[in-house]
Structures are given as C-alpha cells and as structure tokens.
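Some notes on the structure that comes next.
Atoms within each ligand, like the ligands themselves, are counted from 1 in listed order. The residues of the chain are indexed from 1 along the displayed sequence.
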Amino acid sequence: MLEKSRYAPLFESVRIGPVTAPNRLYQVPHCTGMGHALPQTLVAMRAMKAEGGWGVVCTEYCSIHPSSDDHPYPFASLWDDGDLGNLAAMADAVHAHGALAGIELWHGGSYVSNLSTRTPSLGVRSAPARTDPVQSQRMDRRDIRELRRWHREAALRARKSGFDIVYVYPSHGYLISEFLSRSLNDRTDEYGGSLENRMRLLRELLDETRGAVGDRCAVAIRFSANGHGDEHLNEDEARDVVATLGHIPDLWDVVIADYDEEMGSSRFVGEGALEDRVAYVRKLTGKPVVCVGRFTSPDSMLGQIKRGVVDLIGAARPSIADPFLPTKVREGRLEDIRECIGCNICYAHDFRGAALRCTQNPTMGEEWRSGWHPERVPVGTGGSVLIVGAGPAGLEAAHILGKRGFQVALADAAEEAGGRVSRESRLPGLAQWARVRDFRLGQINRMPNVALYLDSRMQESDVRAFEADHVLIATGARWRRNGIGRWHARPIATLNPSGVYTPDDVLCGRLPAGDVVIFDDDHYYLGPVIAIKLADEGVRVRYVTTEGRAGAWSQNTQEQERTQRALIEHEIEIEVNVALAAFDQSIATFACVFSGRTHMVSASAVVLVTSREPDETLYRALVGEEAEDGVGELREAGRLARPASVQRIGDCLQPALIATAVYSGHRAARELGGTEQATRRERVLI
Ligand code: ADP
Ligand code: SF4
C-alpha cells in the first residue's frame, strides 16, 4: 500500500554518515522541561515518538560540563559516567522501535548563570548572563583546551550510551556561537579576528567529535543558516562557514537567526517559513540536511523533499502534538493526524521549568506518570454518558469515551461545536486554533456510539430526563463584567454598565465603538488580540495593563515581542503598569500599580479582560451546593432514575488554558468507571 502512496518518498531511508535513518521524519532536539530532573518521564515520552514512527529521535540540549548549568530549566546532562544510565535508557527505548537516537551536546557559555553548580560560566569574553546579574569568566587558551576535552569526553559518553547521532551546537547564542560572533569575540589570538579564526573552535570540535565517535556515530551540526544577525555573524559569513566546513559533519540541522520566527507561533509564522533562508545549505554541502517548519501536512513535507530543500523533515512541535504522525501518514490516515495548532504552550511550560504539555495532545508528558498512550485507551465499563458543553473539554471527553465504547451524547446550546475555540479562532491570527475542534469532530463524527446535539441548551430537568449513567458538565466559563481579577479582589466600584464590555461580547460580535480602553489584567493573548481586532474595525484603542509589557505572559510562548510590535504597528496606545480604577460616564480613571497615582482619559467604552467565572449553574442545580461528588445527593433525592456520577470538567471546573480544558476532559474520560492506574511520581530518594 505504501509503495503506491504519493507519500512513499517520506519513508525512504537516508544514510547519515555511518548510520541510516529508517525514514525522513526526524524529531530534532527540543526542550522538554524534563531533562535530568525527570528521566523516566523523558524516556517514556521519547520512546512514544519512536513507537509512532519518527525515524530519528533526539534529546534536548545536553550539557557537557558543570560550567554549563541552565538551572532552573531542566536540561539533559552528560557530565560524568553517572549520567550514562539515564541517557542509555532513552537510546535503548528509541532503538527498541527501530529509530535512531540523537544527542545534542551543549555548552551554554555566557548565556547561563550556573545557579546550581555555582561554577563560573565561560565566555569568549566576560559577558552578562541571560537573566541574572552575573558575568562569565573570559576563557584563556587553557580553558579552550579544557572545553575541547570535555566535549570529546561527552561525545565518547554519548557513544557509550548508545547514541547514533552526536551534535556539535554552534547556534542560539551559546558558547560556540560566541566564538563565531565578531562583536563578542575580541580575542587577538588564533581564535579571534578573521572568520577563519572565529570558526577555529567549531572546526576543532567537529574534527574531534568525528575522531572520537565518527567510526560508529554520525556527527551533526546545528547551525543558523542566515547567521546570527549582522553584528555577530552576517549572512555572507554564515554561507562562508557552510562552504568551508560543509564537508566535515555528516548532517546539517539548519535553523535561522531569529528564534521568535524559528519557534514562531501560528499567530505570526506560517508552516515551512524557513525555506528561503536554509535552502542553499544542501546545495553547498552535498550532505543530508534537516530543518523544521511546523510541518503537519504531508504534502508540505513532500514539497520540501521534492524541491531539494531538505533530506529529512525536522519536527519538534508536530511530533509533540502527534507522536504517531509518521504512522498515520504511512497508513494513509491523514484525517487522524492531530495537527499542531502553533500555540507554543509546549514551549511555555518548559520555559516555566515544568514538564512539557500540549494543547492538542493531552497525553504528552503523561506517558510514564499516568501510563497514557496517545492512540490507545482502556476499554470502558459500558453504559451511557451525557456531556453538556461541546467546547474543548466536552469534545475531548466525547472523543475518548467514544473510543472506550460508551454510548455518548454530547449536547451544546450553540449552533456550532467548539465552544471557546470556535469563537476565538475567528480573532486575528488564531485561525489554526480551530484544529482543536476539527480533529475531535472528525473523530467523533465517525463513531456510531457518539451523538452530537447542537442548538440544545440543557436544563436540570433535561439532564434528569436523559437518564444517562454518567454526566459530565463542560459548560465553560464567562468573562467577569465587574473587574475582579488579579488586581481587583472586589468589583470596581464605579463602572458605567452601558459602556462595559467583556471578551465574550467581542467574541459574539457585540463590539464597542469610539474611544475604547482594553483593560488587560489577564496578561496572555486575548487582550492584545482583541485590541488588534478592534483597531482593524476602525476603533481607537488604548491598551492598558497591570503588567510591564503587553501580553506579558506570552514571553513564555515566545510571542511577547511580536505582540507588542503588532500593537504598535496598529497604532494602539499602550499604557503599562496601570490598573483601571473607575469608568464613569465617559471618563476612565487609571491608577499606577506602584504609586497609586491616578490620571484620567476620555473613553466611550472599556473591555475588561480580567478573569472568568466558571459557569456552574447546571452543575449546582444537579448536585446542590455542598455535594462532594454530586452522586449521593442525586441518588438520595431520587432525581435521577438510575445511579449516576456527575462531574465538572474544563473551564467549568477551572478556567484556564485550552490545553488545561482538553487535559481535564481527557483525564475524566479515561478515568470514568475507575479503570485508570494512579499517577506515579519521580522523586529523589535517599
Ligand atoms: P471548555 O473550555 O471547558 O470546553 P467552553 O467555554 O469552550 O468550555 O465551552 C463550553 C460550551 O458549553 C459552550 O459551547 C456552551 O455553548 C456550552 N454550554 C454552556 N451551558 C450549556 C447548557 N446549559 N447546555 C448546553 N450547552 C451549554
Ligand atoms: Fe503545537 Fe501547541 Fe501542542 Fe506545542 S502545545 S505542540 S504548539 S499544539
């Protein structure tokens, strides 16, 4: 079947130096928030990618020495033989499914603060760390010799752990790229000055890695094809590096200078956006090339291969959203692909020092802890389930319960399914978020045991009359209209109700006009996105936030700078570190969050993006105010004809991210009937 498939070229093997990738689908190194801290969680997660058909599965950034410690971010480490076991477990687990295992050797240079090891960080010159008020130690020749030794020893350990591909990593601002930088590298010896001198360390590390492990392992380089910005390594110099060193590594894993774009969210960056800047590398080197592009469409992947841009399709996020993407393409089940929506919630959690999670794939990070498999669920105990609310939580629950064999009825008051994702995906830049709905609708539409009822508002009596064995309430949450949120613990005393709007109004098409204030005390995407929508409608918008930057939390999703730029480009007035104190007639009063000093502006309306109230009306009507789990009261009162369980899921339980709602629906659906095992904990024991 595969031979006849137009996607067969994606499943050709590719020789990479001394090893052979079984297909062209390559999980590039990506952070996990697990690293050295959660090794079992990590092994099970990487193994799942290999089981799902990725031909190569790589680690995250793997520190070669204690002078490169990125604490509190959980990086991988190969500091000594004590690290071998954990990494060997990953390589073995990946090999067990026929994939190659890659490892990205890393030294953070001046970028890291070494908060854990308290060793001075090392730099080509003494330079400030990324976040802390510390600087690195300037490296002398002896330090460079030591670094080369550490790198070589780490490569040998990588081989001993069973890895097939060993990376040298001169990009993303880390140590080797400091040497390449004409601004940072002010050395006057053979490592500084000309490009040839600045790339000397890189050449040495490539040669020495090959010398140490090249007999059995492929040597890969992760390199920014368009340099690191003009002041560091301009595009011509980057090409010179590729031309000069092109023949040494067995594989070029190419990235670009702008991390916000390389890692760009779907709000700002499309699929395959790197092509124009990386396409030359393959022609120049003749070596296999891999590059990412948030590819979820096999046609886009095929296009990259056919146009000769790359030999291997790189993926981080698409492999997180669907570890089984390769298997599904191979089997021609394209409609089953859980397409990444480009929200960067995965990256955000690593950035917060927490284990990876995913909006589309609720099993991500739960492979070991909860024993979850992205494609398999336990067979159910039988019976019927009524789910009220077809937002992300209700849709996910219906999908999983349907798969488990329950009789499922999914009812929603709206004329379309999807809840908040349907509404929000109509806002500027958020169209791909509808994939959360579309994937699940696509699945349940093919399940004869799942019925979807739209335009069906359910009251307590309707639920009772339904006589389902189990009831899940997924009625979501509503944005508060009174200003309560992070800043205001109580309603804002003075609010002219006729000019007060919430995101729900905007999402339902009730738009304010004139001079509009957006008060963002939520700090994520919605405030800025609504500001842009209103500006596009010709409204004069003033964006006001209690934080120091627009959409401040989106620094975690790598979107903050682009968000602020977009507001500026839309000529939206931005005021930071202020709270809306009052809105009376046509005057909005703001208070400085530090001094409390107030000032006023004229405004015809305010949009309050503060916090949400869970919509528990139906749940409370069913279970009362005090019920622990809602079951006892219903039974005692004889209000349901048969024993039932009633529980809340999603935003109705806990207003949070879409990822949280999907996860909540997934967990409830897996655990209904008590079939799931308890979650496990990874902990250090003495
Ligand atoms: P979540 O993110 O938790 O899935 P959403 O707010 O996205 O929540 O979705 C909640 C859905 O519940 C909405 O589509 C809404 O129309 C629906 N809903 C709310 N109350 C009722 C009700 N009483 N009967 C049927 N549907 C309801
Ligand atoms: Fe894609 Fe969002 Fe999942 Fe990350 S969290 S893999 S961006 S869907």
**Prompt:** Does the pair Glu271/Arg294 count as a salt bridge with the N-to-O cut at 4.0 Å?
**Reply:** no

**Asked** Closest non-hydrogen protein atom to atom 7 (S) of ligand 2, residue and atom name please, with distance?
**Response** Asn344 N, 3.1 Å

**Request:** Using the six-membered ring of Tyr501, assess whether NZ or CZ of Arg510 lies under 6.0 Å from its centre and within 45 degrees of the ring axis.
**Result:** yes

**Asked** Can you list the ligand 1 atoms lying under 4.0 Å from a non-hydrogen atom of Gly650?
**Response** 3 (O)

**Prompt:** Hey, would you say the Phe439 and His399 ring centroids sit under 6.0 Å apart?
**Reply:** yes

**Ionic contact status for Asp258 with Arg562, cut-off 4.0 Å** = yes

**Asked** Starting from atom 9 (O) of ligand 1, which protein heavy atom do you reach first, and at what distance in Å?
**Response** Gly391 CA, 3.5 Å

**Prompt:** Would you call Arg437 and Glu396 a salt bridge, taking side-chain N to carboxylate O under 4.0 Å as the test?
**Reply:** no

**Asked** When only distance counts, is Met458 in polar contact with ligand 1, meaning an N/O pair under 3.5 Å?
**Response** yes

**Message:** Has Arg648 got a side-chain atom pairing as donor or acceptor with Cys652's backbone, closer than 3.5 angstrom?
**Reply:** no

**Asked** Angle class for the His172/Tyr259 ring planes (parallel below 30°, perpendicular above 60°, tilted otherwise)?
**Response** perpendicular

**Asked** Does the distance from a Lys or Arg side-chain N to an Asp or Glu carboxylate O, for Glu261 and Arg277, drop under 4.0 Å?
**Response** yes

**Message:** I need the nearest protein heavy-atom contact for atom 3 (O) of ligand 1: residue, atom name and distance, please.
**Reply:** Asp651 N, 2.7 Å

**Prompt:** Any Lys/Arg nitrogen of Asp505 or Arg481 sitting under 4.0 Å from an Asp/Glu carboxylate oxygen of the other?
**Reply:** yes

**Asked** Which ligand 1 atoms are under 4.0 Å away from a heavy-atom of Ala393?
**Response** 3 (O), 4 (O)

**Asked** Is there a donor-acceptor contact under 3.5 Å linking the side chains of Asp336 and Gln443?
**Response** yes

**Message:** Any N/O/S atom from Cys346 (main chain or side chain) under 2.8 Å of atom 3 (Fe) of ligand 2?
**Reply:** no

**Item:** Structural part of Ala413 in contact with ligand 1, heavy atom criterion under 4.0 angstrom
**Value:** both

**Prompt:** Do His97 and Trp54 have ring centres separated by under 6.0 Å?
**Reply:** no

**Prompt:** Tell me, which protein residue and heavy-atom name are nearest atom 6 (O) of ligand 1, and how many Å apart are they?
**Reply:** Gly476 CA, 3.5 Å

**Prompt:** Has ligand 1 got any nitrogen or oxygen that is less than 3.5 angstrom from a nitrogen or oxygen of Arg478?
**Reply:** no

**Message:** Using a strict threshold of under 4.0 Å (side-chain N to carboxylate O), is an ion pair present between Glu335 and Lys328?
**Reply:** no

**Prompt:** In ligand 2, which numbered atoms sit nearer than 4.0 Å to a non-hydrogen atom of Gly342?
**Reply:** 1 (Fe), 7 (S)

**Item:** Closest candidate by heavy atom, reference atom 12 (O) of ligand 1, pool Ala656, Gly419, Gly389, Ser456
**Value:** Gly389

**Complete:** Residue, atom and distance of the protein heavy atom nearest atom 7 (O) of ligand 1 read Arg420 N, 2.7 Å

**Request:** Taking only heavy atoms of Ile341 into account, list the atoms of ligand 2 that are under 4.0 Å away from them.
**Result:** 1 (Fe), 8 (S)

**Which residue and heavy atom of the protein sit nearest atom 3 (Fe) of ligand 2, plus the separation** = Cys358 SG, 2.4 Å

**Asked** Can we call the ring centroids of Tyr73 and His36 under 6.0 Å apart?
**Response** no

**Item:** Per-atom contacts of ligand 1 with Pro392, taking only distances under 4.0 Å to non-hydrogen atoms
**Value:** 1 (P), 2 (O), 4 (O), 7 (O)

**Prompt:** Backbone, side chain, both or neither: what part of Val388 comes under 4.0 angstrom of ligand 1, heavy atoms only?
**Reply:** side chain

**Request:** From atom 1 (Fe) of ligand 2, work out which of Cys340, Ala315, Ala659, Ala348 has a heavy atom at the shortest distance.
**Result:** Cys340

**Item:** Residue part near ligand 1, for Ala474, under 4.0 Å between non-hydrogen atoms
**Value:** backbone

**Prompt:** In ligand 1, which numbered atoms sit nearer than 4.0 Å to a non-hydrogen atom of Ala661?
**Reply:** 2 (O)

**Asked** Nearest protein heavy atom to atom 6 (S) of ligand 2, by residue and atom, and its distance?
**Response** Arg317 O, 3.3 Å

**Fill in**
Here the atoms of ligand 2 under 4.0 Å from any heavy atom belonging to Thr359 are 3 (Fe), 5 (S)

**Item:** Salt-bridge criterion met for Glu375 and Arg338 (N-O under 4.0 Å)
**Value:** yes

**Message:** Among all the protein's non-hydrogen atoms, which is closest to atom 16 (O) of ligand 1, and how far away is it?
**Reply:** Asp412 OD1, 2.6 Å

**Request:** Have a look at Thr475, Asp462, Leu410 and point out the one with the heavy atom closest to atom 21 (C) of ligand 1.
**Result:** Thr475

**Request:** May I ask you to decide whether Glu460 forms a salt bridge with Arg464, counting only side-chain N to carboxylate O separations under 4.0 Å?
**Result:** yes

**Asked** Taking both backbone and side chain into account, is any N, O or S atom of Cys343 nearer than 2.8 Å to atom 2 (Fe) of ligand 2?
**Response** yes

